[in-house]
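Predicted, not measured: the structure shown is a model, and the values here were computed from it. Atoms within each ligand, like the ligands themselves, are counted from 1 in listed order.
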Amino acid sequence: MLRHVTGLPAEPAVMIAKMQHVNVGVIGLGNVGSGTLAVLADNADQIALKLGFRLRVTAVCSRTVAAKKLPESLGAVYRTTDWRQVVAHPDVDIVAELVGGTTVAAEIIDGAIANKKSVVTANKELMATCGSEIWDRAIHAGINLAMEASVAGGIPIHAVLREGISGDRVVALYGILNGTSNYILSEMEKRSAPFDEVLAEAQRLGYAEADPSADIDGLDARSKLAILAALAFGEKITPADIFVELIRRISPMDFQYAHQLGHTIRLICGARQTPDGLILSVRPALIGSQTIIAGVQGAYNAVWVKGRYGEDTFYYGRGAGPLPTGVAVVSDLMRVAREIRHGRPERVSPFAHERLGEYKPLSVTSEKCAYYLRFRVDDRPGIIAALAGILAEQRISLEAVLQLPNETKHDLPFVITVEPTYEHAVREAVQKMSHLEFLREPPLALPMEPPL
Ligand SMILES: NC(=O)c1ccc[n+]([C@@H]2O[C@H](COP(=O)([O-])OP(=O)(O)OC[C@H]3O[C@@H](n4cnc5c(N)ncnc54)[C@H](OP(=O)(O)O)[C@@H]3O)[C@@H](O)[C@H]2O)c1
């Protein structure tokens, strides 16, 4: 429940009343739009005290705007189903694009720029694919573009990378950026429940969409990593350049084996600098149980950044939801409104770098890492020898073989861990192993991330 902040000290209230409002038009009144309006209405007095002037919602738009209930304290607000009327409205200074997707949202932002209105957006998909081009157009038009809510909802990670640690040189960034996947994996771990069962529950609880593919197939996390990596490393990164692996094959037994190894499993978004360039991936990985990122449970998000000088910093919070994301949108509105009210000659790019460099994709296969290989076999003599032979052919050194007690001989799981090796060698080995007739399914290979 939101608490109402009542009564302002007389003097600031008088001063605030004297300063002109900055006017906001909100397009999209779904989860994020409604959360944004709730925060703007409920926290209006605090926001005004911080800014020295008020943020006033003058226009709202959605396809079903007539059916939307707006917070009463917003007062008279112009309602429309046509976003063009908001971007062209003379009483709108900043447009909040909270529709999502890459079609209408792109038109809205273009329309706002054409009308010289600054834009605040929560749109990871659009910002990941063409955010830097949109920024170029925005700066050319003399307006601002802010996108804090596009990654990790309530965690102010843009502000951190753009300003907080901008003096450092980032060498690696790891994140848990998709709350739905993290909820599924941490519930599987807690209750030994299978993937499909936890996914169905996540859908019932509203953590996962009816069509959960963007979340569980890593596409949502990929867009977010593209934005964060651009911010952190100053390169133009397209989501298509990021290696993605699904979490669908993880089962409760993988957590049992991971625990035996002192690890857990999470969908890790990783961006690390190597002498040859950046390696970018969104994939399930084994991470040490004692690491701070392993403690991220349920629908929470986290970002861990390693800088050359400042070393480790860690950011944690709610990655989605109307109010946490609403706070991110409102904070952007405040930042942009300050600029409109007080003027600022130098706008800081939402990508933290004056110009983004050209990124040459570097394959994850060139990375060296220890691996977890999980097998399900129809038990018989000679299995380990056959698998070890294939590993030896690829010059991969076996580290340990683990087998937990199991009653059935026809579907027997066990795990082999291997010493740090190149991913291309592991892939070749897995490809060769897949033809062995005693395997019930192709081996599952997961990287074991070095301590984060
Ligand atoms: N949900 C989150 O927690 C979260 C977190 C971070 C970022 N985001 C991002 O925030 C954005 C919005 O997400 P959401 O979850 O709030 O989506 P949502 O609940 O589906 O809301 C979308 C809103 O856009 C409106 N809309 C769609 N097409 C329109 C059009 N042609 N003209 C006018 N209005 C239109 C819809 O109108 P009707 O309601 O009338 O149909 C709805 O109000 C997305 O970019 C998303 O990736 C979401």
Charged N-O contact under 4.0 Å between [X] and [Y]:
| X | Y | value |
| --- | --- | --- |
| D93 | K117 | no |
| E235 | R355 | no |
| K360 | D241 | no |
| R335 | E339 | no |
| E133 | R137 | no |
| D217 | R222 | no |
| E367 | R272 | yes |
| E125 | K224 | no |
| R308 | D168 | no |

[atom] - nearest protein heavy atom and its distance:
| atom | result |
| --- | --- |
| atom 9 (C) of ligand 1 | A122 O, 3.1 Å |
| atom 5 (C) of ligand 1 | T325 OG1, 3.4 Å |
| atom 32 (N) of ligand 1 | R63 CG, 4.0 Å |
| atom 3 (O) of ligand 1 | G321 N, 2.8 Å |
| atom 22 (C) of ligand 1 | V99 O, 3.6 Å |
| atom 21 (O) of ligand 1 | G30 CA, 3.3 Å |
| atom 19 (O) of ligand 1 | N31 N, 3.0 Å |

ask   = With a 4.0 Å cut-off on heavy atoms, is A149 touching ligand 1?
value = yes

query = With a 4.0 Å cut-off on heavy atoms, is K68 touching ligand 1?
reply =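 Judged by the 4.0 Å heavy-atom criterion, K68 does count as contacting ligand 1.
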
Is the [X] to [Y] ring centre distance short of 6.0 Å?
| X | Y | value |
| --- | --- | --- |
| Y422 | H424 | yes |
| W304 | F314 | no |
| Y316 | Y300 | yes |
| F53 | H21 | no |

Near [X], which atoms of ligand 1 are under 4.0 Å from a heavy atom of that residue?
| X | answer |
| --- | --- |
| T64 | 38 (P), 39 (O), 40 (O) |
| K124 | 47 (O) |
| V104 | 31 (N) |
| G100 | 44 (C), 45 (O) |
| C61 | 33 (C) |
| L29 | 23 (C), 42 (C), 43 (O) |
| A320 | 3 (O) |

[X], any N or O under 3.5 Å of ligand 1 N or O:
| X | value |
| --- | --- |
| G319 | no |
| S62 | yes |
| G33 | no |
| T81 | no |
| G28 | no |

key: Part of V32 within contact of ligand 1 (heavy atoms, under 4.0 Å)   =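 Both of them.
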
ask   = Can you tell which part of L98 has a heavy atom less than 4.0 Å from ligand 1: side chain, backbone, both or neither?
value =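 It is the backbone that gets close, since no side chain atom is under 4.0 Å.
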
query = Taking side chain as C-beta onward, heavy atoms only, is V305 less than 4.5 Å from D312?
reply = no

